[in-house]
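For reference, the structure discussed in these notes is given below.
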Amino acid sequence: MSRTHRILTLVLCIGLRLQAGAATAPMVSAVGAVGMTVANADQAADFFANVLSFERVSDEEVAGEAYEHLEGVFALRMRVVRMRLGDESIDLVEYLAPPGRPAPADSRSQDHWFQHVAIIVSDMDRAYQWLRQNKVQHASSGPQVLPAWNKNAGGIRAFYFKDPDGDVLEILQFPPGKGNPKWHRPTDALFLGIDHTAIVVGDTDASLRFYRDLLGLTVAGESENYGTEQEHLNSVFGARLRITALRAAGGPGIELLEYLSPRDGRPIPADEHANDLVHWQTELVTADADSAAPRVRAAKVPFVSPGVVHLEDAALGFHEAFTLRDPDGHVMQLIERQ
């Protein structure tokens with residue numbers, strides 16, 4: 001074989017390997033900001049900044065046909081305040097128009113619309129006292145230490161509480177040897193960042209077909225949690241949960257919470273919309289929205305947007321995106337960043 005032939009063959013092989021790698025690359029490369037609809041963005045931002053040490057990094061007001069299609073809300077005008085803690089971010093979304101419905105007053109941790117973010121703290125006792133000083137509403141009876149018999153979760157300390165809109169948040173402290181090593185770096189900070197967002201699902205296996213098999217997230221851990229500590233953490237008598245932690249290459253994780261008992265969690269209402277105060281949505285970063293959307297549609301995943309939406313202004317940090325629902329109705333927004 002001539003030298004020219006060898007070079008051409010090598011170039012062809014490299015090209016084929018690159019194509020094969022692109023074909024098998026995960027659809028989702030990172031989990032981005034976790035968004036929650038709030039009644040008053042200023043009040044919510046003050047709470048996250050003053051109580052939980054988040055930093056306000058942007059404050060944008062958007063409207064127009066593209067955003068209407070992206071969110072599935074007609075004639076919208078929304079204000080999006082991005083708050084950052086450590087490496088992770090949340091979006092506080094206030095719908096100036098049209099206003100949505102309040103969250104159900106009788107919401108429970110096992111209802112399928114339940115979602116929270118887990119905020120890592122360096123000292124659970126000090127963090128709990130700080131929250132008490134700021135008069136947060138309890139969702140747990142108090143901080144809980146998961147028992148040592150639970151190999152994957154034993155020693156984790158956690159506490160659920162509520163923000164001014166009634167959304168449940170979690171503070172969490174990992175014992176040595178558990179969690180991302182960054183949560184164990186020496187620091188004077190009390191609130192460190194977001195480890196994951198947790199969602200209640202009806203069938204873990206169905207969710208895995210969506211998040212793992214279709215979107216390309218990987219399973220990072222599994223456990224089955226029960227006992228008095230778990231009951232008092234979730235405020236659910238007789239709680240027994242199958243918990244599956246999922247990760248992309250970057251960003252916080254997504255944790256699946258399947259209640260094996262009780263099985264009376266209510267589904268997300270079919271008419272839930274982005275302006276309703278029960279609404280959460282999570283950004284998933286993809287390299288190419290135009291190529292990802294047909295693969296998702298072929299899997300018969302329900303879309304909120306009619307397809308990929310092109311945003312001329314990219315005010316929210318991305319220029320193409322589409323919005324869909326997972327098997328339980330949780331909203332995910334696949335975004336292609338600039």
Side-chain angles (χ1 to χ4, degrees), residues 31-62 78-96 99-100 102-103 107 109 113-140 143 157-173 180 182-183 187-199 251-255 274-283 315-317 330-331 333:
V31 175
V34 179
M36 58 190 80
T37 300
V38 300
N40 184 299
D42 287 323
Q43 181 186 40
D46 286 347
F47 174 82
F48 279 93
N50 298 331
V51 178
L52 301 174
S53 302
F54 280 71
E55 174 191 7
R56 188 190 303 231
V57 294
S58 64
D59 189 339
E60 300 287 345
E61 192 172 310
V62 297
M78 60 182 185
R79 180 183 171 197
V80 181
V81 180
R82 176 153 295 187
M83 309 289 293
R84 184 171 60 217
L85 181 64
D87 300 324
E88 295 80 37
S89 299
I90 61 171
D91 284 338
L92 305 173
V93 184
E94 178 184 355
Y95 276 80
L96 305 174
S107 289
S109 295
W113 57 80
F114 178 90
Q115 183 167 353
H116 74 240
V117 289
I119 300 166
I120 304 301
V121 298
S122 58
D123 184 324
M124 176 60 70
D125 293 330
R126 190 157 60 95
Y128 176 63
Q129 289 304 318
W130 173 250
L131 296 179
R132 287 293 305 274
Q133 289 176 36
N134 284 276
K135 298 180 170 48
V136 301
Q137 182 180 351
H138 283 55
S140 303
R157 304 186 71 191
F159 171 65
Y160 284 6
F161 62 102
K162 294 186 178 182
D163 71 6
D165 286 284
D167 293 310
V168 173
L169 305 171
E170 179 182 28
I171 52 171
L172 187 148
Q173 183 178 12
N180 191 315
K182 76 176 184 177
W183 304 133
T187 179
D188 293 329
L190 182 55
F191 300 98
L192 306 181
I194 296 171
D195 182 73
H196 63 266
T197 182
I199 56 177
I254 295 178
E255 192 170 89
N275 56 336
D276 293 330
L277 293 184
V278 75
H279 182 84
W280 290 58
Q281 65 185 44
T282 305
E283 288 183 350
L316 303 184
H330 297 285
V331 173
Q333 194 166 82

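FYI, the numbering just counts along the sequence from 1.
- What you find for P143 and M124 is that their closest heavy atoms are CB-CG, 4.1 Å.
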One pair to check against side chain to side chain contact (heavy atoms under 4.5 Å, CB included): M36 and D163. What are the steps and the verdict?
CA-CA 11 Å; M36 58 190 80; D163 71 6; 4.0 Å; yes
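- Across R82 and L316, no two heavy atoms sit closer than the pair NH2-O, 4.4 Å.
- Applying the salt bridge (charged side-chain N to carboxylate O under 4.0 Å, His left out) test to D46 and every residue at least two apart in sequence or in another chain returns nothing.
- F54 pairs in a ring-ring contact (aromatic ring centres under 6.0 Å, His included) with only one of the listed residues (F47, F48, F191), which is F48.
- When every heavy atom of L172 is checked against every heavy atom of A118, the shortest pair comes out as CD1-CB, 4.5 Å.
- Between V38 and A44 the shortest heavy-atom distance is CG1-CB, 4.0 Å.
- Taking the side chain as every heavy atom from C-beta outward, V34 and I194 never approach each other to under 4.5 Å.
- Contact annotation: the side chain of H196 approaches that of E170 to within less than 4.5 Å [non-hydrogen atoms, C-beta and beyond].
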List the steps and the verdict of side chain to side chain contact (heavy atoms under 4.5 Å, CB included) for L131 and L52.
CA-CA 9 Å; L131 296 179; L52 301 174; 3.9 Å; yes
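- Screening residues 118-131 for side chain to side chain donor-acceptor pair (under 3.5 Å), with sequence neighbours left out, gives D125-R157, Y128-R132, Y128-H138.
- Applying the ring-ring contact (aromatic ring centres under 6.0 Å, His included) rule to H116 yields the partners F114, Y160; only residues at least two apart in sequence or on another chain are considered.
- There is no side-chain donor-acceptor pair under 3.5 Å between E283 and S89.
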Might you work through the side chain to side chain contact (heavy atoms under 4.5 Å, CB included) test for K162 and V136, ending with a clear yes or no?
CA-CA 6 Å; K162 294 186 178 182; V136 301; over 6 Å; no
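- Distance check: D167 CG to S107 OG gives 9.5 Å after rounding to the nearest 0.5 Å.
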